[in-house]
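The structure appears right after this line, and notes come after that.
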Amino acid sequence: MSYLKQYIEPTKKMFNHLGYRLDYLDSRLKKLDKYYDKHYQNRKELTREISDEWIYSIKTKSRHVISERVNTIKYLGIYLNSIGISAYIPDYSIRLGPHKVISLFDDEQLVRFFRGTDNIKSHIRSPNREYIIPIIFRLIYTCGLRNSEACHIKMEDIDLKNGIISIYHSKGNKDRTVYMSESMKELCIRFNDAYSGIILNREYFFQPSYDKACLTKHNIDDFFDKVLELTLLNREFSIKPTVHGLRHLFAVNSMRKCLDEGESFENWIKYLSQYMGHKSVNETMYYLHLVEMLVPEYREKMATITEGIGVSYEED
């Protein structure tokens, strides 16, 4: 019998007595017990390390399943502490939303995707897409833009000299300033120099033709799907990646950089929240959850910087 097995029934009884209807708790506690018995036979404790290992030991990215696992650890930890046994209690929750599963590129797939954008050919029904696609998707990723924000960048909104984009009336009717990296700025300058000779006096930075001033979300989604088909990346996911996933990846990889460089997490998360146009830091905290799922080796670092922070993960 594992160390945890003796506490399964008392934990269930405690919360049933308190009026909780937790139909999943029995099966989740049994799975935790089985995992503990297999990997931690010689230990008699419930630590954050053990808890996180079990929570994220499954392949699914379903927030519903992850939420049940987090809550299972939470209820067990509460019970153990109530009888005088020190145990880890998660100080965060997974907020459930309409999208249960998301698919994001790993580092190698991201490289392949951008190589694919560089190989898109011209098409009579999509004027100048071969010029626009390589730049607009790099801009969405490197600046963490929303699809609609990239479509609606006007010439007057982008300062190529200083690498600054002004975003107006975005989600929540918020305005913000976005700074491009030096390499992204140079790409945009080269694009603008070349494209200004193709579409004269254009209103929008990514104006596709004289007849059509502005791209639409549908256009960007269609471009994205074309690149997935070209690179065969569409065959590697059960749930198709989306353009918005590039924004997710920007946040995830920015967070990885913060962890690697040992920056002040408290200051950094506030800056990232403003940079991405989130209504609150809690929205940005959602990406902590994605980092843990996509890059398990970062969990130990994250445990240190998020200690004591109550996190409610919510997808933007």
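Note that these values count all heavy atoms, side chains included, but never hydrogens, waters or copies made by symmetry.
- Rounding to the nearest 0.5 angstrom, the gap separating the CG atom in L104 from the CG atom in N253 is 9.5 Å.
- When atom types are taken as modelled, the side chain of N119 and the backbone of G116 share no donor-acceptor pair closer than 3.5 angstrom.
- For F191 and F205, the gap between ring centers is short of 6.0 Å.
- Taking CE of M276 as the start and SG of C143 as the end, the distance is 11.0 Å to the nearest 0.5 Å.
- Applying side chain to side chain contact (heavy atoms under 4.5 Å, CB included) to R28 and the options V65, D33, I73 leaves one that passes, V65.
- To the nearest 0.5 Å, the span separating OG on S51 from CG on L46 amounts to 4.0 Å.
- One N or O on the side chain of Y210 and one on the backbone of L200 form a donor-acceptor pair closer than 3.5 Å.
- A salt bridge links E45 and R43; the closest N-O separation between the charged side-chain nitrogens and carboxylate oxygens is under 4.0 Å.
- In terms of heavy atoms, L29 sits closest to I8 at O-CD1, 3.8 Å.
- Closest non-hydrogen pair, L246 versus Y141, comes out as O-CD1, 3.5 Å.
- Residue Y275 qualifies as enclosed at atom OH: its count of foreign heavy atoms under 6.0 Å is above 12.
- Although no hydrogens or angles enter the test, the distance criterion places a donor-acceptor pair under 3.5 Å between the side chain of S57 and the main chain of W54.
- Listed for the N71 side chain is no donor-acceptor partner under 3.5 Å among the backbone atoms of K74.
- Salt bridge absent: D222 and R125 never bring a charged side-chain N and a carboxylate O closer than 4.0 Å.
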- Step by step, work out the salt bridge (charged side-chain N to carboxylate O under 4.0 Å, His left out) result for K31 and E68. CA-CA 12 Å; K31 288 181 179 179; E68 287 186 354; over 6 Å; no

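- Using a cutoff of 4.0 Å between basic side-chain nitrogens and carboxylate oxygens, K185 and E182 are scored as salt-bridged.
- A donor-acceptor pair under 3.5 Å is absent between the side-chain atoms of Q41 and the main chain of K38, judged by distance alone.
- Residues F113 and F224 bring their aromatic ring centres within 6.0 Å.
- A cation-pi arrangement is not found for R202 relative to Y204, the charged atom failing to lie both closer than 6.0 Å to the ring centre and inside a 45° cone about the ring normal.
- Judged by distance alone, with hydrogens and angles left aside, the side-chain atoms of R129 form no donor-acceptor pair with the main-chain N or O of F223 at under 3.5 Å.
- Looking only at side-chain heavy atoms (C-beta outward), P241 and L233 stay at 4.5 Å or farther from each other.
- The shortest side-chain heavy-atom distance between L139 and M180 falls under the 4.5 Å cut-off.
- Of the possible polar contacts, none joining the D157 side chain to the I165 backbone as a donor-acceptor pair under 3.5 Å is found.
- Enclosure of atom CG in N201 is not indicated, since only 12 or fewer non-hydrogen atoms of other residues, nucleotides or ligands lie within 6.0 angstrom.
- A donor-acceptor distance shorter than 3.5 angstrom exists from the side chain of Q109 to the backbone of D106, with no hydrogens or angles considered.
- One distance of note links CZ of F114 with OG1 of T142; it measures 7.5 Å at 0.5 Å rounding.
- With hydrogens and angles ignored, the 3.5 Å screen pairs no side-chain donor or acceptor of T11 with any backbone N or O of Y79.
- The distance from the CG atom of D225 to the CD1 atom of I220 is 11.5 Å, given to the nearest 0.5 Å.
- Ring-plane geometry between H248 and H244 is classed as perpendicular, the angle between the planes exceeding 60 degrees on a 0 to 90 degree scale with a lower cut at 30.
- Using a cut-off of 4.0 Å between Lys/Arg side-chain N and Asp/Glu carboxylate O, R112 and E108 are scored as salt-bridged.
- Of all non-hydrogen atoms in K212 and N219, the two that sit nearest each other are NZ-OD1, 2.6 Å.
- When every heavy atom of K240 is checked against every heavy atom of L228, the shortest pair comes out as CG-CD1, 3.9 Å.
- K154 and E203 are joined by a salt bridge, as a carboxylate oxygen and a charged side-chain nitrogen come within less than 4.0 angstrom of each other.
- With contacts defined as side-chain heavy-atom distances shorter than 4.5 Å, the pair I158/N192 does not qualify.
- When atom types are taken as modelled, the side chain of S27 and the backbone of Y24 share a donor-acceptor pair closer than 3.5 angstrom.
- Here the options are K13, K5, K12, the test is salt bridge (charged side-chain N to carboxylate O under 4.0 Å, His left out), and the partner is E9; only K12 passes.
- The line from CG of D193 to SG of C188 is 11.0 Å long, rounded to the nearest 0.5 Å.
- Considering all non-hydrogen atoms of both residues, I140 and A150 come closest at CG1-CB, 3.7 Å.
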